[in-house]
Protein chains: 2
Amino acid sequence: MSAEPSKPYHHGELRQALINATEQILTERGLEGFSMREAARRAGVSAAAPAHHFGDTRGLLTAVATAGFLELQAALREANTQGGDRTARIQAQARAYIRFGVAHPARFDLMWRCEALNRADPAYLSASVGAFSLLHEVITGVAVSAEQLCDVAKPGIDVRAVAAWSLVHGFTTLARQGNFDPEMPGLMDGVMATLTV
Amino acid sequence: MSAEPSKPYHHGELRQALINATEQILTERGLEGFSMREAARRAGVSAAAPAHHFGDTRGLLTAVATAGFLELQAALREANTQGGDRTARIQAQARAYIRFGVAHPARFDLMWRCEALNRADPAYLSASVGAFSLLHEVITGVAVSAEQLCDVAKPGIDVRAVAAWSLVHGFTTLARQGNFDPEMPGLMDGVMATLTV
DNA sequence: AGTTAAATCTTTACACTGTTAACATGTCAG
DNA sequence: CTGACATGTTAACAGTGTAAAGATTTAACT
């Protein structure tokens with residue numbers, strides 16, 4: 001009897017369910033509206049369950065941030081395939097970066113909220129470095145490894161890439177916080193024009 | 001008897017004491033380590049006392065962020081008085097901006113943590129717009145008013161100022177989070193060189 | 001197959017948080 | 001002097017993260 005599954009003791013895919021729930025909370029309420037217990041609630045599970053998969057809150061948020069960087073990577077890669085010369089590809093990536101940050105404010109915010117994350121996590125590190133590497137590569141022609149970005153004093157990181165990254169990241173961050181409207185006619189184009197690489 | 005003051009019922013300068021305590025916590029433990037109760041504890045006062053002065057946590061943090069913007073304004077103004085031509089003054093301000101953010105990571109972080117602040121607060125608004133206005137003025141020759149920055153769609157904000165702001169803010173933010181070392185030889189100079197205004 | 005180890009989830013508990021309500025104390029203007 | 005008000009206090013509440021101990025399922029090994 002009782003043909004209904006009626007919630008088995010084991011969830012089965014709790015890890016992914018918690019990540020999904022967290023992303024849902026982020027888009028609905030932002031990062032300040034997130035809590036471990038709320039994520040557990042949405043996944044239909046007790047408050048202590050997430051600990052088995054992520055250790056603590058930091059672990060879950062790091063996993064979500066990692067997923068965000070992979071998504072950003074995909075967007076940058078897609079921009080790269082749009083063709084055009086080097087300058088066109090650089091600008092396309094820059095626009096994709098900005099578009100991502102503006103479209104997913106809370107997720108983008110989390111990705112850089114280093115105090116709330118475990119930056120030593122290998123997956124996070126690789127995903128975040130990989131995103132910057134795409135920009136670095138289209139500008140300099142060579143990719144950048146994780147070691148180069150971790151041991152920051154080491155040479156190998158191109159100054160032009162850091163400048164471009166700073167410009168794009170700053171524009172995205174400031175726009176995301178409502179300091180100006182990124183869609184204001186001519187604004188983004190004008191800012192892009194200063195991308196002298 | 002009891003010549004000792006032995007803590008009078010009224011603190012006297014609780015408002016400022018709470019702001020000081022918060023800034024102390026920020027430098028010691030960062031924003032994640034802050035709590036209203038901890039600030040009250042350091043000010044030697046009960047947990048409910050701050051509410052009379054700031055309403056809620058958001059109110060206290062907004063006051064601290066406002067103070068931060070005033071400090072930033074002073075740094076930018078000081079950079080402006082160092083003499084030199086227009087380009088020199090622009091670069092001096094940019095360096096002062098970066099120096100401030102790197103020297104006071106948690107405070108700088110808070111200043112832009114808009115979800116944790118009350119952005120409608122007039123003092124905060126005026127202090128933050130005032131800081132940008134200094135950069136805007138040295139670049140374009142005219143200051144920018146609060147209305148112009150609030151009604152973002154309105155013209156009046158110079159694209160060159162937004163680009164410079166984005167570059168400097170992005171560099172500061174990324175460096176602050178440990179993505180690279182701002183003191184790496186040649187890095188900051190190279191990034192500054194792209195400040196083509 | 002049967003038994004044991006490991007993984008996954010629950011319940012319970014604890015210390016901490018922000019905020020409110022009700023009350024106490026000091027200040028000050030009329 | 002006497003309210004009215006600003007500024008404190010205590011007590012309470014709901015919500016949080018996470019740790020400990022027990023329950024249940026899966027998996028692995030003989």
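Here the structure is a predicted model, which means the values were calculated and not measured.
Contacts of A/Asn80 classified as side chain to side chain donor-acceptor pair (under 3.5 Å), with partners at least two apart in sequence or in another chain: A/Gln93.
Closest approach to the A/Ser46 side chain among C/dT10, D/dT10, D/dT18 is made by C/dT10 (side chain taken as heavy atoms from C-beta onward). Closest to the side chain of B/His53, from the set C/dT10, D/dT18, D/dT7, is D/dT7.
Counting non-hydrogen atoms under 4.0 angstrom, A/Ala51 reaches nothing in the nucleic acid. Note on B/Gly55: nothing from the nucleic acid sits closer than 4.0 angstrom, heavy atoms only.
Applying the side-chain hydrogen bond (donor to acceptor under 3.5 Å, both in side chains) test to residues at least two apart or on different chains, none of the pairs has a partner in residues 50-61 of chain A. A side-chain hydrogen bond (donor to acceptor under 3.5 Å, both in side chains) check over residues 17-26 of chain A, counting only residues at least two apart or in different chains, returns the pairs A/Gln16-A/Asn20, A/Gln24-A/Glu28.
Between B/His169 and B/Phe108, the angle of the ring planes lies from 30° to 60°, which puts this pair in the tilted group.
Phosphate contact (OP1/OP2 of D/dC5, side-chain N/O of B/His52, threshold under 4.0 Å): absent.
B/Gly68 approaches B/Arg107 most closely through the heavy-atom pair CA-CD, 4.4 Å.
A centroid separation of less than 6.0 Å is found between the aromatic rings of A/Phe132 and A/His136.
A straight line from CG of B/Leu18 to P of C/dG18 spans 12 Å, rounded to a whole angstrom.
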Identify all side-chain donor-acceptor contacts of residues 187-197 of chain A below 3.5 Å with residues at least two apart in sequence or on another chain.
from: A/Asp189; atom 1: OD1; to: A/Arg95; atom 2: NH1; distance (Å): 3.3
from: A/Asp189; atom 1: OD1; to: A/Arg95; atom 2: NH2; distance (Å): 3.2
from: A/Thr194; atom 1: OG1; to: A/Val191; atom 2: O; distance (Å): 2.7

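Contacts with DNA chain D (heavy atom under 4.0 Å) in residues 56-64 of chain B: none are found. Near DNA chain D, meaning a heavy atom under 4.0 Å away, the residues from residues 24-42 of chain B are B/Arg37.
Annotation: A/Gln82, atom CD; neighbour count of heavy atoms from other residues, nucleotides and ligands within 6.0 Å is above 12.
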